[in-house]
There are 2 protein chains.
Amino acid sequence: MTGIDDIDQRILTMLEADGRATLAQLAQETGLSVSAAQSRVQKLEKRGIIKGYKAIVDQEQRGLPISAFVNVTPLDYSAESSIPEKLKNIKGIVSCYSVAGAPSFVLVVRVASPGALEELLNLIHRTVPVSTETTMILQTYFAH
Amino acid sequence: MTGIDDIDQRILTMLEADGRATLAQLAQETGLSVSAAQSRVQKLEKRGIIKGYKAIVDQEQRGLPISAFVNVTPLDYSAESSIPEKLKNIKGIVSCYSVAGAPSFVLVVRVASPGALEELLNLIHRTVPVSTETTMILQTYFAH
DNA sequence: CATGAAAAAGCGGCCGC
DNA sequence: GCGGCCGCTTTTTCATG
């Protein structure tokens with residue numbers, strides 16, 4: 001397993017900023033040839049360092065204006081480890097982190113309406129034995 | 001301002017799952033021709049509904065293994081509105097949300113080491129008059 | 001919105017350095 | 001590992017009906 005050198009880092013930074021940057025662009029910025037840039041990108045993909053590419057969508061314009069953090073605390077700690085797996089396929093839950101703090105998990109959720117948020121929280125409670133505390137997100141200033 | 005119909009929604013979903021999906025793929029899945037798919041994608045980009053494309057990078061393998069939530073509370077609320085702008089260009093701050101809760105803002109940060117986290121927090125305190133509370137992220141189970 | 005043709009980008013392989 | 005080449009395929013782009 002070879003390390004990640006500075007050129008790889010620059011390629012990663014460029015592709016994070018623009019996932020559709022062409023090999024020619026990457027080559028020019030890094031001073032490499034196109035074929036060298038290509039082989040580096042392919043290696044980064046194969047090693048799983050580049051996990052994929054995605055479009056960044058304005059969720060508000062799309063019709064999902066409400067987002068929130070949901071702090072999740074298990075009622076039964078023996079079931080704690082199975083919680084993320086059970087939450088994974090619930091629509092509206094964008095991400096799930098385990099944290100070193102009072103709640104065991106922090107979720108980011110996104111829904112269309114206050115009513116949909118209530119339904120989502122109810123669904124979470126029916127799915128896993130937890131208590132939740134919700135903090136509404138008022139504005140996303142940036143999310144690189 | 002035209003609305004977003006079901007076909008647009010499907011295009012957005014596909015491009016969120018794979019930001020490098022080709023127009024031919026989008027056309028096939030939606031039943032459109034390539035040129036129709038192209039014009040829809042272009043409109044979505046022009047309207048800012050597709051804000052861009054980015055590579056998904058495994059930050060741990062990249063050498064940034066530590067991430068955390070940082071709750072930010074202004075010491076001087078008269079300066080509150082200028083805080084996100086000042087934090088925007090600090091390296092290591094991944095995202096910034098304003099929230100309806102005890103802290104005014106929640107940051108997500110990512111750094112290479114505990115020492116780098118300390119430096120980042122010090123830099124935040126030197127940049128804006130706030131108190132912070134940091135919650136380490138132990139694991140990211142998923143982040144769609 | 002569909003068709004089709006030109007231009008650009010990507011892919012894989014090769015070789016010499 | 002890099003550079004530069006090749007031919008080939010896929011994708012994008014744009015003019016046109």
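For the numbers below, each heavy atom of this structure counts, side chains included, while hydrogens, waters and symmetry mates do not. All chains are named by letter (A, B, ...) in the order of the sequence lines, taking the proteins before the strands, and each is independently numbered beginning at 1.
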Inset, instruction - Quick one: list whatever passes ring-ring contact (aromatic ring centres under 6.0 Å, His included) with A:H125, sequence neighbours left out. - result: none
Legend entry - A:E16: partners by salt bridge (charged side-chain N to carboxylate O under 4.0 Å, His left out), with sequence neighbours left out: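 A:E16 satisfies salt bridge (charged side-chain N to carboxylate O under 4.0 Å, His left out) with B:R62 only.
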Inset, instruction - List, by chain and number, the other hydrophobic cluster members for A:V70, where Ile, Leu, Val, Met, Phe, Trp and Tyr join if side-chain heavy atoms come within less than 4.5 Å, directly or indirectly. - result: A:I66, A:V72, A:I83, A:L87, A:I90, A:I93, A:F105, A:L107, A:V109, A:V111, A:L117, A:L120, A:L121, A:L123, A:I124, A:V128, A:V130, A:M136, B:Y141, B:F142
Inset, instruction - Run through the side-chain heavy atoms of Ile, Leu, Val, Met, Phe, Trp and Tyr, join any pair under 4.5 Å, and report what else lands in B:L32's cluster. - result: A:V57, B:I4, B:I7, B:I11, B:L12, B:M14, B:L15, B:L23, B:L26, B:V34, B:V41, B:L44, B:I49, B:I50, B:Y53
Inset, instruction - Check side-chain hydrogen bond (donor to acceptor under 3.5 Å, both in side chains) between B:D5 and all other residues, then give those that pass, not counting sequence neighbours. - result: B:R40
Inset, instruction - List in chain and number order the residues that pass side-chain hydrogen bond (donor to acceptor under 3.5 Å, both in side chains) with A:T22, two or more places apart in sequence or in another chain; answer none if no residue qualifies. - result: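 For A:T22 the side-chain hydrogen bond (donor to acceptor under 3.5 Å, both in side chains) partners, ignoring immediate neighbours, are A:Q25.
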Legend entry - B/S/- contact track for nucleotides 3-17 of chain C, protein heavy atom under 4.0 Å: B-----SSBS-----
Inset, instruction - Any side chain to side chain donor-acceptor pair (under 3.5 Å) involving residues 83-108 of chain A? Give me the pairs, sequence neighbours left out, ordered by first then second residue. - result: A:E80-A:S104
Legend entry - Any donor-acceptor pair under 3.5 Å from A:R47 side chain to A:T2 backbone: yes
Inset, instruction - Residues of residues 5-17 of chain B with any non-hydrogen atom less than 4.0 angstrom from an atom of DNA chain D: list those, numerically ordered, please. - result: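 Nothing qualifies; none.
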Legend entry - Nearest-angstrom distance from the residue atom CG of B:L26 to P of D:dT10: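 Computing the B:L26:CG to D:dT10:P distance gives 17 Å.
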